[in-house]
Every structure is written in structure tokens, then in C-alpha cells.
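See structure below.
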Amino acid sequence: MIVAVAAEEGGAGRVQPLGDDGTPLGPVEAVDDLAAAVRAREAADAPRWLWASTAQVYPRLLRQGVRVGRCHDLELTEALLLGYDGRWGEPHRLGALRARRLGLPVPPDTGTATVEPGQAALFEDIPAGFDPLEATVDGYADQLTRLAATDHPGRFRLLVAAESAGALVAAEMGHDGLPWRADVHGEVLLDLLGEPSAVGPPRRIVELTEAISQAFGGVRLHPESPAEILRAFSREGIVLPSTRAWVLKGVDHPAVPLLLEFKELYRLWTAHGWSWRAQWVHDGRFKAEYIAGGVVSGRWATRGGGALQIPKVVRRAVIADDGWTFVVADASQLEPRVLAAVAGDGRLAEAARSGDLYEALAADAFAGDRAKAKLAMLGAMYGQTGGAAVPALAALQARFPVAWEYVERAARTGEGGGLVRSWLGRTCPPSRAESLSGEQARARGRFTRNFVIQATAAEWALTLLAALRTRLAGTPARLVFFQHDEVLVHTPLDLAEDVAASVRAAGEQAGRLLFGDSPVRFPLELSTVPCYADAA
DNA sequence: AGTTTCATATGG
DNA sequence: CTCGCCATATGAAACT
């Protein structure tokens with residue numbers, strides 16, 4: 001059962017039940033209180049909800065205490081389908097979708113997707129007489145047809161389901177927030193930066209600025225300015241290409257250790273210091289806006305707060321509520337395992353059955369040198385051509401020709417101007433340049449080479465997330481963080497073991513859904529800890 | 001003064 | 001030989 005929804009102003013809306021093939025099963029129903037209607041229907045028969053955009057509709061439902069099990073996000077799906085057809089970046093919002101169906105000029109994505117019927121005329125770029133519910137129902141039927149016409153409809157349907165479920169999780173995480181102890185964050189800052197100042201940098205930054213100036217002969221300088229630091233070094237006869245940390249590490253000068261410490265602390269102060277805390281942490285929660293499908297590879301992005309770049313030292317402040325704990329799960333060595341699965345390389349899959357893929361790889365082909373095996377693997381996935389990894393790469397190519405050919409082929413396709421797809425069918429965007437020459441083509445090849453792996457890894461993680469969400473439904477446990485290959489569940493202590501079991505089961509489910517009976521394993525590192533910083 | 005690019009950090 | 005992939009965010013520097 002599917003129920004199409006069009007949200008309207010003032011919390012009202014219209015709904016219509018559809019059959020699995022998208023054809024209407026009953027009349028359109030206008031409701032004054034959409035949240036109440038969704039709540040009742042969800043409790044009654046838990047349909048798949050069909051709407052233009054989860055990001056637009058669902059947050060308001062959440063604020064009214066309503067959660068749903070499943071949905072079909074029309075606009076995210078449209079973006080996937082357009083991309084599949086090599087039309088990446090074309091308008092994918094409801095108005096554009098409708099215009100295409102009617103053979104009218106397609107409006108850009110700037111308009112709002114859920115306009116009131118009576119207001120349609122205000123938006124000149126949306127078809128006259130635009131009815132959001134009608135557009136949604138018709139668009140869905142159209143998408144079902146297009147989904148069926150893809151090379152692997154089953155896989156693409158899974159992608160659509162996972163993308164839609166991801167949008168639900170993203171909205172829920174943004175709503176619930178990550179538990180954050182402002183006082184503990186303050187302790188970390190005080191410990192590392194010293195007392196804050198109302199007007200300038202904290203004590204430790206001031207001291208380091210002083211010490212660095214002394215180390216350069218007492219000239220007053222600003223260590224946060226790369227140009228000044230380069231000049232200061234050059235006055236002492238040391239010419240550097242940049243002030244990057246790894247460059248400085250190779251320089252023998254008394255200012256170097258001070259500068260390295262300054263960089264770290266200055267970064268902490270400006271990006272995750274007291275003003276960040278004041279802006280983003282409220283009532284014990286850090287609330288960011290997560291954007292499902294925000295990255296071309298299908299990874300999530302965030303808007304505001306830098307939720308996917310939280311420095312490890314600051315994770316000390318992520319502490320579970322009293323009587324609660326975190327179950328933290330991290331997929332280890334996800335990308336090489338994905339490569340083994342998608343390439344169908346039996347030999348690499350054999351290594352990927354092991355808990356430590358690199359160790360197994362080393363034993364098989366690198367005389368037990370794990371570091372070398374890891375370097376070769378990363379080099380192959382990223383398209384490294386030079387450096388110390390070259391002999392290791394040759395060994396990898398000789399020993400795992402099937403996996404090697406898989407990434408090489410993706411690279412060649414990119415260099416030749418072609419498009420590549422993930423396992424489930426997410427398609428890379430076309431190159432922006434008309435024709436590629438030399439270094440441009442090689443860069444494009446590295447991008448497509450990595451895309452087939454990174455995008456598939458994102459699909460595996462998204463599938464795990466969706467499966468886990470379903471398993472946690474109806475319990476008080478909450479998904480509170482998701483970072484590419486890592487999830488955090490905030491749970492009452494007495495449910496922690498159940499949650500851990502659910503995470504493991506979701507991981508196994510994700511592997512089966514994507515790759516069937518492939519021998520490749522996708523192990524998860526699990527820890528149950530009251531503080532994120534203590535996770536393994 | 002406002003906007004864009006560069007340099008550098010963080011995360012995976 | 002921090003090199004090869006995907007991002008966000010900050011402040012400095014350079015631009016309009």
C-alpha cells in the first residue's frame with residue numbers, strides 16, 4: 001500500500017491511496033491536520049508514503065511527534081534517474097518533473113516544490129494549474145516505468161529505497177540531535193587552550209604567538225598568516241613551498257614545534273571552540289542539518305556545524321544521557337571489501353573473508369608486509385601512479401588481475417569521457433569540460449576509478465542504516481550519528497545488547513541485499529561506551 | 001565594503 | 001615523493 005501526500009500551508013494537506021503499481025485506489029482526501037492523518041494511517045497499516053521531498057515534509061511531522069516507517073522520495077529518485085540517463089544536474093524538483101511530463105518548458109530548481117494550488121500562478125515557471133498531489137502521483141507512475149527500464153531494476157529499486165530511507169534518517173537525526181555535554185566540551189577547551197578571553201585569543205594561543213615571535217628573533221608576527229610565516233623563515237635563509245604541517249615537520253628550527261602546536265590549537269579555537277558551542281549546542285544536543293545524497297558519490301553532506309568533521313579530541317563531549325549509552329559501529333576496511341565484491345575477484349574475496357583484509361592480503365601476496373599491502377590497495381583504488389607504492393602496485397596487479405582490471409576499466413571509461421555507475425546504479429556526473437586533455441583526462445580517470453568503489457561503499461552503508469532503522473523502530477533507541485562508514489545509536493542501557501545485535505544483523509542484511517551470496521564479509525567493529533571518544 | 005579564491009585544517 | 005579519492009569550514013588574501 002502506498003499513500004501519496006501533498007503538504008499544504010498551515011499543517012493541512014491532501015492524501016490519496018495508491019496501489020503498488022501507482023494507480024489511484026481511491027479519491028483524494030483533504031485533511032486539515034496532515035500530521036494527525038499520517039499518524040493514524042501509519043498506525044493502521046504502515047503504508048509506504050509517497051511525497052515530493054522528505055527534507056521538506058518530514059521535519060514538520062517530526063516536530064509534531066509523528067514518525068513513519070517507509071517512504072518514496074520523488075525528488076531524490078528523480079535525481080538518481082536523471083543521473084542514470086546522463087542528465088545529471090538537470091532540474092529534479094516536483095515542478096520540473098511535472099513540466100517534463102506535460103511537455104512544457106522545464107523550470108529551474110529554484111522554485112518551491114510544494115506550492116498551494118491557489119498560488120500556482122505566482123510561480124510563473126511552474127505549469128499553469130499545477131497540482132502538487134496530481135504531479136506527485138503521476139510522477140511516481142512515471143518513475144516506476146523508468147526504474148523498470150534500468151539495466152538492473154532490482155538493484156536500482158534497492159537504491160531508491162535506501163536513498164529514501166536515508167532521507168528519513170537524516171531528518172530524524174537532525175531533529176533528535178547528538179547528545180553533547182557543553183560543560184565537558186568546555187573542560188576540553190580549557191585544558192587545551194587555557195582561559196578564554198572576551199576580546200581575543202585564549203591564553204595558550206597568546207603564549208604560543210609570543211614564543212613563536214621570540215623564536216624568530218622577537219619580531220611581532222601573526223602565526224595564523226601563512227605569508228608572514230614564510231617570510232619569517234625566508235629571513236633566516238629557509239625557503240619553504242608552504243606552511244603545511246608535513247612541510248614544517250621536515251624543517252629544523254626552534255619555531256617548528258611551536259607552530260605545529262599553534263596550528264592545532266588555532267584550528268580547535270576557531271572551528272570548534274566556544275563560539276561554535278554557543279551557536280550549535282542547545283539543551284544538551286548538537287543539531288546539524290544532514291543532507292542525504294548531498295555528495296556525488298551518495299555520501300551525506302551537512303549544512304552548518306561541520307558535523308562530519310568533528311575533531312577527535314572534541315568527541316570527549318559526546319556523552320550519553322544518564323541511564324543511556326552509545327552503541328558505536330564502524331565498518332572496517334569497507335572500500336577494499338567493496339572492490340572485492342563488485343569486481344567478483346575470487347582471490348581478493350578470499351582475503352576479504354578475513355577480519356583483517358590487509359593482513360590476509362599481505363600473507364597472500366606481500367610476504368607478510370601488511371603496511372605494503374595496504375599502501376598498494378589504497379593506491380589502486382585512488383589511482384596512484386608514482387611514489388613508493390609502485391612496486392607494491394605491480395604485485396597487486398599480478399596477484400589480483402580481476403580486481404585490478406575492474407578499477408582500470410573504470411579509469412579508462414572516465415578518461416575517454418564516459419560515465420560509470422555504482423553497483424546499484426548511481427551514476428557519476430559528466431565532466432564539466434568539453435574535451436579532456438592530458439592531466440585533465442587522468443584526473444577524470446582517477447575520479448571515475450574511485451567513484452565505482454566509494455559510491456558502492458556509500459550504498460552499503462546506507463543500506464545498513466536503513467535496515468538498522470527498521471530494526472530499531474518502536475524502541476526508544478535512536479540513531480544519532482552517521483559518518484560514511486560509522487553509526488552511533490543512543491540507547492537505554494538495558495537495551496544496549498539488543499541494539500548491538502540489531503547492528504550486526506543489519507550489517508549482514510546489507511551485505512546480502514547488495515551482493516547476494518558473495519563470500520566477502522563486511523565486519524563491524526562494535527563498542528558500547530558512554531562516551532564517543534572511548535569507542536574502539 | 002562585499003565577494004571570491006587560496007591555504008590549511010578536520011573528517012571518511 | 002602526502003602521494004592518489006570524496007567532502008566542509010575557517011581565516012587570510014586577493015579580487016570587484
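All values below were derived from every heavy atom in this structure, side-chain atoms included, with hydrogens, water molecules and symmetry-related copies excluded. Within every chain, numbering begins at 1; the chains are lettered A, B, ... in the order of the sequence lines, protein sequences first and strands thereafter.
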Practice problem: To the nearest Å, give me how far apart CG (A/L248) and C1' (B/dA9) are. | Solution: 13 Å

Quiz item: Just checking, is any N or O donor in the side chain of A/S332 or A/E525 under 3.5 Å from an acceptor N or O on the other one?
Solution: no

Self-check item: Stretch residues 165-186 of chain A: residues that reach within less than 4.0 Å of DNA chain C through a heavy atom
Solution: none

Practice problem: Could you verify whether a donor N or O on one side chain and an acceptor N or O on the other, from A/H222 and A/E228, lie under 3.5 Å apart? | Solution: yes

Quiz item: Mind checking the C1' distance from C/dG4 to B/dT5? Whole angstroms is fine.
Solution: 24 Å

Quiz item: Does the distance from a Lys or Arg side-chain N to an Asp or Glu carboxylate O, for A/R316 and A/D191, drop under 4.0 Å?
Solution: no

Self-check item: Protein-nucleotide distance (A/Y290, atom OH; B/dG12, atom P), rounded to Å
Solution: 14 Å

Practice problem: Quick one: which residue pairs count as a ring pair (Phe, Tyr, Trp, His ring centres under 6.0 Å) with a foot in residues 385-427 of chain A, not counting sequence neighbours? | Solution: A/W423-A/F515

Quiz item: How is A/R442 classified with respect to the nucleic acid when contacts are heavy atoms under 4.0 Å: base, sugar-phosphate, or nothing?
Solution: nothing

Quiz item: Once each nucleotide of nucleotides 4-16 of chain C is scored for protein heavy atoms under 4.0 Å, what B/S/- sequence comes out, 5' to 3'?
Solution: BBBBSBSSSS---

Self-check item: SB check A/D356 A/R370 (cutoff 4.0 Å)
Solution: yes

Quiz prompt | Rounded distance (Å) that lies between atom P of B/dG11 and atom CG of A/D330 | solution = 14 Å

Self-check item: Whole-Å distance separating the CZ atom of A/R244 from the P atom of B/dT8
Solution: 5 Å

Exercise. Can you tell me the distance, in whole Å, between the CG atom of A/L393 and the C1' atom of C/dC1?
Key: 14 Å

Quiz item: Between A/R87 and A/E78, is the closest basic N to carboxylate O distance under 4.0 Å?
Solution: no

Practice problem: Residues of residues 199-222 of chain A with any non-hydrogen atom less than 4.0 angstrom from an atom of DNA chain C: list those, numerically ordered, please. | Solution: none

Quiz item: When the ring planes of A/W180 and A/W276 are compared, do they come out parallel, tilted or perpendicular, using 30° and 60° as the limits?
Solution: tilted

Practice problem: Would you check if there is a donor-acceptor pair between the side chains of A/T427 and A/R421 at a distance under 3.5 Å? | Solution: yes

Quiz item: Should A/K312 be listed as having a side-chain N or O under 4.0 Å from OP1 or OP2 of B/dG12?
Solution: yes

Self-check item: Side-chain ion pair, A/E415 and A/R449, N-O less than 4.0 Å
Solution: no

Quiz item: Would A/R204 and A/E261 pass as an ion pair if we require N to O under 4.0 Å?
Solution: yes

Quiz item: With a 4.0 Å cut-off, would you call A/R267 and A/E264 a salt bridge?
Solution: no

Quiz item: By a strict heavy-atom criterion of less than 4.0 Å, which residues belonging to residues 522-536 of chain A are in contact with DNA chain C?
Solution: none

Self-check item: Residues in side-chain contact (heavy atoms from CB on, under 4.5 Å) contact with A/A506, at least two apart in sequence or another chain
Solution: A/L464, A/A467, A/L468, A/R471

Quiz item: Within the structure shown, what part of the strands sits under 4.0 Å from A/I453 by heavy-atom distance: base, sugar-phosphate, or nothing?
Solution: nothing

Exercise. Kindly compute the distance separating CD1 (A/I291) from CH2 (A/W300), expressed to the nearest 0.5 Å.
Key: 11.0 Å

Quiz item: Is A/D364 salt-bridged to A/R347, cutoff N-O under 4.0 Å?
Solution: yes

